[in-house]
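The shown structure was predicted, so the numbers you read here are calculated from the model rather than taken from an experiment. As a basis for the values below, the full set of heavy atoms in this structure was taken, side chains included, without hydrogen atoms, waters or symmetry mates. Throughout, a chain's letter reflects where its sequence line sits, starting with A, and its residues are numbered from 1.
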2 protein chains.
Amino acid sequence: MKLHLQIKMNEALYLRNPESSDLGKNILKHSVQLIYKTGFESFTFKKLAEDIGTTEAGIYRYFENKHKLLVYLTAWYWSWLEFQIRFHTNNIKDPAVKLKRVIKLLAAAVEDDEQTSYINESLLHQIIIAEGSKAYLTKQVGEDNKQQFFKPYKDLCAVVGTIISECNPKYKYPKSLASTIIEMAHFQNFFMNNLPSLTDFGKNKEESEIIAFLNDLVFTSLKKV
Amino acid sequence: MKLHLQIKMNEALYLRNPESSDLGKNILKHSVQLIYKTGFESFTFKKLAEDIGTTEAGIYRYFENKHKLLVYLTAWYWSWLEFQIRFHTNNIKDPAVKLKRVIKLLAAAVEDDEQTSYINESLLHQIIIAEGSKAYLTKQVGEDNKQQFFKPYKDLCAVVGTIISECNPKYKYPKSLASTIIEMAHFQNFFMNNLPSLTDFGKNKEESEIIAFLNDLVFTSLKKV
DNA sequence: TTTAAAAGATAGTATTGCTATCACAAATAA
DNA sequence: TTATTTGTGATAGCAATACTATCTTTTAAA
């Protein structure tokens with residue numbers, strides 16, 4: 001049985017649904033590769049078109065601009081990650097065990113799940129680390145938020161926040177702690193690889209150490225006094 | 001007595017020292033205002049030149065491109081903040097009291113220190129919140145790091161990390177905790193104002209709550225068992 | 001089999017991100 | 001004092017980016 005996970009995306013993110021055609025799927029696939037390779041700043045629709053073997057105008061029929069495409073990719077990632085979390089924490093009763101699983105899923109490298117789709121999750125994970133926050137660190141964040149572009153991210157935070165509250169119902173900052181561990185799972189990874197003196201993991205560059213750090217951070221915070 | 005704080009900047013960040021002339025100082029002053037107003041993405045040297053009343057070519061004589069200017073401004077900010085921290089924690093013996101001061105300085109709105117310089121620290125603080133991470137979230141981060149562009153940021157993290165270690169010498173992640181609280185002081189502020197459901201401060205939007213959250217996070221982590 | 005939708009091909013335009021050149025004024029050195 | 005350097009202003013220009021428009025061909029649904 002070949003299971004195909006379909007993620008329902010916000011329609012305001014695209015002009016034509018990229019999942020509805022080969023060209024659209026190619027846009028997603030090659031944009032992940034190209035952004036990964038060149039970074040978001042020097043990524044252009046022209047280069048993407050050349051990569052795919054189509055024309056610039058062709059890309060513009062799917063996405064209004066590269067910012068929308070980045071928001072699409074990040075939204076897709078957060079939705080996918082929330083599914084992964086629900087799947088891998090299903091039937092776990094102990095919220096602390098659950099939370100540990102979540103932290104591992106957030107901070108561990110993603111193994112590419114080839115049959116899932118035309119999106120390489122492992123590359124996308126790297127994109128989220130380096131470019132993810134650019135999706136919301138803009139002047140249009142308010143507009144974009146009104147259009148619900150960040151719903152998948154907020155949903156994920158809410159899921160994590162709920163587990164935190166299950167661990168300790170008296171803890172006062174479940175949402176902020178949730179967004180902190182999500183952001184730090186990525187930032188500490190970026191720092192470890194690029195500005196290692198900002199972390200304690202510079203020697204080994206092992207993501208297991210990031211996981212240990214986050215576990216320590218979270219579980220001492222949630223310890224009932 | 002009018003004290004004038006001079007920050008020694010990395011010379012590779014500029015082509016001509018902006019602190020050495022009126023035009024240069026105007027570039028710094030107006031770039032802070034314009035980036036604050038329009039965001040870094042739509043900020044251009046053309047617009048900046050119009051704002052100042054000079055020409056685009058004039059700006060290019062000082063800075064190679066807008067990325068270098070952003071890195072300059074962030075480096076200036078971190079240097080300035082490190083000075084603030086050293087100044088305001090001077091003679092405090094208890095490292096825990098010191099750390100609390102630091103967290104407050106990181107997370108509290110900056111009151112503009114008019115006589116300090118032609119840079120509006122309060123606006124610059126807002127720029128760091130919204131644009132600061134774009135200084136290093138690029139493909140050139142390795143190159144930029146080699147040229148020591150992020151030294152002020154790393155120095156600040158080191159200072160905070162040292163205080164953390166003074167609080168609890170056995171704590172295993174002083175640097176990562178330092179970078180976490182610095183980043184979160186800014187991100188939680190951005191979230192509070194733009195994506196409030198990612199935080200627990202949405203109702204009141206008081207930065208004192210961010211400070212309380214960070215204090216809780218840090219001091220439970222550092223509690224000796 | 002017709003007809004509509006998607007894709008390809010090509011053109012064009014405004015803005016961005018620069019570089020180059022020349023003239024002029026002010027500061028500085030001889 | 002004159003000569004010379006240095007900074008600034010003004011203008012031009014060019015390649016790349018970020019789109020929009022139109023027309024034709026292919027594909028696929030009715």
Output yes when at least one side-chain N/O atom of [X] is less than 4.0 Å from OP1 or OP2 of [N], else no.
X	N	answer
S21(A)	dA7(C)	yes
T54(B)	dG9(D)	yes
R16(A)	dA6(C)	yes
Y60(A)	dA21(D)	no

inquiry  = Quick check on contacts: within residues 38-49 of chain B, what sits under 4.0 Å from DNA chain C by heavy-atom distance?
reply    =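 The answer is T44(B), K47(B).
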
Do side-chain atoms of [X] reach the backbone of [Y] as a donor and acceptor pair under 3.5 angstrom?
X	Y	result
N90(B)	R86(B)	no
R101(A)	H88(A)	yes
N65(A)	H67(A)	yes
N189(A)	A185(A)	no
K175(B)	P196(A)	no

First of G24(B) and A57(B) reached from the 5' end of DNA chain D, by closest nucleotide =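 First, find each residue's nearest nucleotide; the 5'-ward one identifies G24(B).
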
request  = Could you say whether T55(B) or S20(B) is positioned toward the 5' end of DNA chain D, judged by the nucleotide with the nearest heavy atom to each?
outcome  = S20(B)

Of L106(B), V110(B), V102(B), the residue whose pairing with L81(B) passes side chain to side chain contact (heavy atoms under 4.5 Å, CB included) = L106(B)

Can you tell me how far [atom2] of [N] sits from [atom1] of [X], to the nearest Å?
X	N	atom1	atom2	answer
N65(B)	dA16(D)	CG	C1'	15 Å
R61(B)	dT21(C)	CZ	P	13 Å
K25(A)	dA7(C)	NZ	C1'	16 Å
L69(A)	dC19(D)	CG	P	12 Å
K66(B)	dT17(D)	NZ	C1'	12 Å
E56(A)	dA18(D)	CD	P	9 Å
H67(B)	dC18(C)	NE2	P	12 Å
I59(B)	dG7(D)	CD1	C1'	14 Å

ask   = For Y62(A), which contact category applies under a 4.0 Å heavy-atom criterion: base, sugar-phosphate, or nothing?
value =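 Result for Y62(A) = sugar-phosphate.
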
query = In terms of side-chain geometry, is the basic nitrogen of K134(A) or E41(B) positioned less than 4.0 Å from the acidic oxygen of its partner?
reply =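 So K134(A) does not pair with E41(B) through a salt bridge.
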
